[in-house]
Amino acid sequence: MSRKQPLQRVRNIGIMAHIDAGKTTTTERILYYTGKSHKLGEVHEGTAIMDYMTQEQERGITITSAATTCEWAEHTINIIDTPGHVDFTVEVERSLRVLDGAITVLDGVAGVEPQTETVWEQANRYHVPRIIFVNKLDRVGAEIDANIDALIDRLEATPLQCQHPIGAESEFRGVVDLIERECILWNDDSLGADYERSSLEEWGDEELTEECELRRELMLDSLAELDEEFTEITLMGEPNTQEIRAALRRVTLSMKATPVFCGSAFKNKGVQTLLDAVITYLPSPLDVPMVQGLEIRGKQLTENTTTRQADDDAPLSALVFKIVSDSYGLLSFVRVYSGTLESGKAFFNANKGKRERINKLLRMHANQREEINVAYAGDIVAVVGFKEAATGDTLCDDKQRLLLENIEFPIPVMRVAIEPKTTADQDKLSNALSRLALEDPSFQVLTDPETGQTLIAGMGELHLEVLVRRLSDDYNVAANVGKMRVAYRETVSHEGQAEGLFERPATTGKGQFGHCVIKVEPADNGDGFSFENRESASSIEPFLQVIQQSVESVYQSGCFAGYPMVDLKVTLLSARFHDSDSSEAGYQVAAVQAFREACNAASPILLEPFMKLEVTLPEDEDMGSVIGDINSRRGEISGFTPRAKSQVVSALVPLEEMMGYATRLRTITHGRGRSTMSFEKYAPAGPDVVKNILGY
């Protein structure tokens, strides 16, 4: 069975933005205009196809990324609609890891918001080219120029305006294509399915024509500065539209600039031209660099980098980027980079070192599925039948093995104790939590070392609320949940070293002995844990692994307050060997002792999560009360941003102080203020926090 479309006619894209910018509405319109759905799904009515979970329909937000495939202009477009709430940013992370391009949706009134910055940075990290869709231009206060300025100021982007709105706010009627010099008007009677094009000169609005010609020249000048080939073309005369689009494509794929389009998805305007832009400017799998991985020879991972070309005939390389548990079992979402996946065949899982068999291959449309026999290079599909595959695992050809780069996930910042309502549900709760943790790598299940309680950790209050609700909805498990608590961290602020010695003489048989000297020092923010061995004696080699594992176990559980540690460099300076009594148990005890004492000598500190807070106020009269409340929560004001008929207050605040903030803000602003928070960093906890946790 041959592929449906040549690879150059395939687009793998994500739709990403801040919450309420209109991502899902835009996706619903794409499905309608491409013929994938026959009626318009609405988020506010709970009828959006892509928001298929019960909680998504009830809350009116996207919680989990949903995949679908549609056809436009003889091209196949694989789309992943991602959440916009910061608590579910892991869904964006793993989607961008496997996508070739993206659409960033902006609220025409609010512009660039906190989660927009987060997803933009994620896209930069994975080198994902993108285009921008300024949405909701029919709303009061919407302004294209304010959005373009925000892209420059807040995202440090280079926007190239390709469309300009016709009419403003409630009078928004269509757009001007600045490249073609055409006016495009959508027919409201056809739900936007029909639209008309006319030349800008025929439109007869001299002011609009003059404005658009000026903006076109600015766009072409910027394009000439960014692309040498286009500079040469402009020196020879007026470039034609084909040359302009080719240059725009080059600067988009190289991520030198980002084309900007506009419309109102809810009012059915601008979506078809956005689809045209996806085809014209975003990459096919052939336009992105070949996927890279580390070569595996036999069972041994090497340091040799190997690549795979996006080709059906190349050896298989694919990445599992998402696991979903449903009534049919586990679904593994896979991006195929090279080669083919075939139903009924087995492939090598490089992370697990085992072969995994495919029982069924599915092409997904939200929660609907279409069974297929083969998945080709560039495809995004779901697999039924994997027993051990987890998010980030590499599938490859058994004879030509490689390991692709894994996916990094954010650190959970909230945790809560949980227990079954009846002892009979204990096993059901454990199994359900294990399934949820397999699906969501930003969700962790822990055990409190002091109380033995089961703790669950996540990205925020909403994240944990959704997961607890899923226990009852999806797994029929009733649970008692404690009070939300902040997930603190530990680290050291200086260098320290200590000696660990365990010596138990033999009474009968063999004794127990272990000795090591360990140094600890702070690592750079985000570096995590590293372990270096400077003991060269070959007699110690059999015990190096147990020493490192013992250190890592304390690193995970904390050295003084019971919280996981972060950003630490550990060095084994020396270790002694006993001819008859050296044992794994001895070195395990010695390593734990040395590491704990070294940490205590290195001035350990408690870290708490700080959040980036943005409060949007429709009027200035509540500003003083809002600022005073933020200051009382140990917050630090970082700036003020005026927007159309509103003011935005930015601040850095400790998460511990932000419990119930949304309710308090509604009270202060008489229901008119709104806020968004996103994780910013871990920083030393305040003295009152330390005293409260440690008791001194």
Side-chain angles (χ1 to χ4, degrees), residues 93-94 96-100 122 124-128 285 288-311 313-321 334-339 341 346-356 377 388-409 441 516 518-553 555-556 565-575 591:
E93 186 81 25
R94 58 184 172 188
L96 287 173
R97 170 66 177 83
V98 299
L99 291 170
D100 301 324
Q122 289 171 313
N124 284 339
R125 187 163 64 250
Y126 290 114
H127 307 289
V128 178
V288 297
M290 290 189 291
V291 66
Q292 288 188 344
L294 295 178
E295 185 180 2
I296 300 175
R297 292 179 182 171
K299 294 183 178 180
Q300 188 66 39
L301 180 66
T302 71
E303 296 297 320
N304 300 331
T305 301
T306 184
T307 59
R308 293 283 189 271
Q309 185 162 356
D311 189 328
D313 297 324
L316 174 71
S317 63
L319 187 74
V320 179
F321 69 94
V334 176
R335 162 69 194 264
V336 183
Y337 288 100
S338 64
L341 281 176
F347 299 91
F348 187 71
N349 184 326
N351 297 76
K352 300 296 188 293
K354 297 181 179 180
R355 290 169 66 83
E356 295 266 24
E388 297 191 39
T391 300
D393 282 3
T394 299
L395 301 176
C396 60
D397 188 290
D398 201 2
K399 296 180 180 179
Q400 299 189 55
R401 300 176 179 179
L402 84 165
L403 181 70
L404 301 177
E405 181 184 357
N406 211 321
I407 308 173
E408 294 184 5
F409 298 107
C516 58
I518 286 176
K519 180 179 75 172
V520 301
E521 55 191 311
D524 292 336
N525 186 30
D527 280 359
F529 174 84
S530 66
F531 183 89
E532 180 184 356
N533 171 41
R534 292 187 184 172
E535 174 56 73
S536 59
S538 59
S539 57
I540 298 299
E541 284 186 14
F543 305 104
L544 287 177
Q545 186 174 3
V546 73
I547 291 173
Q548 181 172 345
Q549 288 175 344
S550 301
V551 168
E552 288 181 358
S553 68
Y555 178 84
Q556 295 295 335
M565 303 185 75
V566 293
D567 302 331
L568 197 66
K569 182 179 179 181
V570 181
T571 306
L572 175 64
L573 297 176
S574 64

Novice: Keeping T302 on the side-chain end and E295 on the backbone end, is there a donor-acceptor pair under 3.5 Å?
Specialist: yes
Novice: Who pairs with R335 by salt bridge (charged side-chain N to carboxylate O under 4.0 Å, His left out), at least two apart in sequence or on another chain?
Specialist: D100
Novice: Measure across D393 and K352 and return the closest heavy-atom pair with its distance rounded to 0.1 Å.
Specialist: OD2-NZ, 2.7 Å
Novice: State, to 0.1 Å, how close A377 and A310 come at their nearest heavy-atom pair, and which atoms those are.
Specialist: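 Looks like CB-C, 4.2 Å.
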Novice: Nearest 0.5 angstrom please: D524 CG to K569 NZ, how far?
Specialist: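 Result: 10.0 Å between the selected atoms.
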Novice: Side chains of P441 and R94, heavy atoms from C-beta outward: is any pair under 4.5 Å?
Specialist: yes
Novice: Quick check: are there more than 12 heavy atoms from other residues, nucleotides or ligands sitting under 6.0 Å from CD of E532?
Specialist: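 Yes, enclosed.
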Novice: Side-chain contact test, heavy atoms from C-beta onward, threshold under 4.5 Å: evaluate it for Q556 versus F529 and give yes or no.
Specialist: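 Counting from C-beta outward, Q556 and F529 never come under 4.5 Å.
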Novice: Between I407 and E93, is a side chain to side chain contact (heavy atoms under 4.5 Å, CB included) present by the stated rule, with each step listed?
Specialist: CA-CA 8 Å; I407 308 173; E93 186 81 25; 4.1 Å; yes
Novice: Could you measure the distance from the OG1 atom of T391 to the CZ atom of F409? Nearest 0.5 Å is fine.
Specialist: 5.5 Å
Novice: Quick one, L319 and L395 - any side-chain contact, counting heavy atoms below 4.5 Å?
Specialist: no
Novice: Go through the structure and list residues passing side-chain hydrogen bond (donor to acceptor under 3.5 Å, both in side chains) with D311, not counting sequence neighbours.
Specialist: none
Novice: I need the minimum non-hydrogen distance between M565 and L568, along with the two atoms involved.
Specialist: CE-CD2, 3.8 Å
Novice: Check salt bridge (charged side-chain N to carboxylate O under 4.0 Å, His left out) between E541 and all other residues, then give those that pass, not counting sequence neighbours.
Specialist: none
Novice: To check you understand the geometry: which heavy-atom pair defines the closest contact between G528 and A523, and what is its length?
Specialist: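 G528 and A523 have their closest heavy atoms at O-CB, 4.3 Å.
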Novice: What is the distance from atom CD of Q548 to atom OG of S553, rounded to the nearest 0.5 Å?
Specialist: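 Spacing of CD (Q548) from OG (S553) equals 11.0 Å.
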Novice: If you define the side chain from C-beta out and look only at heavy atoms, does anything of N351 sit under 4.5 Å from T394?
Specialist: yes
Novice: Please give me the minimum heavy-atom distance between A318 and V336, naming the atom from each residue.
Specialist: CB-CA, 4.0 Å
Novice: Measure from the side-chain N and O atoms of E356 to the backbone N and O of A389, and report whether any donor-acceptor pair falls under 3.5 Å.
Specialist: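 Answer holds: yes.
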Novice: Taking atom types as modelled and ignoring hydrogens, do the side chains of Q309 and Y337 form a donor-acceptor contact shorter than 3.5 angstrom?
Specialist: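 Side chains of Q309 and Y337: no pair found under 3.5 Å.
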Novice: Who are the side chain to side chain contact (heavy atoms under 4.5 Å, CB included) partners of K354, not counting sequence neighbours?
Specialist: E388
Novice: Of all heavy-atom pairs between V128 and L99, which one has the smallest distance, and what is that distance?
Specialist: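 So the minimum-distance heavy-atom pair works out to CG2-O, 4.1 Å.
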Novice: For residues 396-404, please give each side-chain donor-acceptor pair under 3.5 Å, one per line with the distance, not counting sequence neighbours.
Specialist:
unit_1 : atom_1 : unit_2 : atom_2 : d
D397   : OD1    : K399   : N      : 2.8
D397   : OD1    : Q400   : N      : 3.4
D398   : OD1    : R401   : NE     : 3.0
D398   : OD1    : R401   : NH2    : 2.7
D398   : OD2    : R355   : NH1    : 2.7
R401   : NE     : D398   : O      : 3.0
R401   : NH1    : G298   : O      : 2.6

Novice: Among all residues two or more places apart in sequence or in another chain, which pass the salt bridge (charged side-chain N to carboxylate O under 4.0 Å, His left out) test with E405?
Specialist: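 Testing E405 for salt bridge (charged side-chain N to carboxylate O under 4.0 Å, His left out), a comparison that skips the adjacent residues, returns none.
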Novice: Can you confirm whether L572 sits close enough to R534 that some side-chain heavy atom of one is under 4.5 Å from a side-chain heavy atom of the other?
Specialist: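 They are not in side-chain contact.
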Novice: So, do I547 and F531 sit near enough that their side-chain heavy atoms are less than 4.5 Å apart?
Specialist: yes
Novice: Quick one, F321 and R97 - any side-chain contact, counting heavy atoms below 4.5 Å?
Specialist: no
Novice: Say you draw a straight line from OG1 of T306 to CE of M290; how long is it, rounded to the nearest 0.5 Å?
Specialist: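 Nearest 0.5 Å value for the OG1-CE distance: 9.0 Å.
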Novice: Would you call F347 and V334 a side-chain contact if the rule is heavy atoms closer than 4.5 Å?
Specialist: no
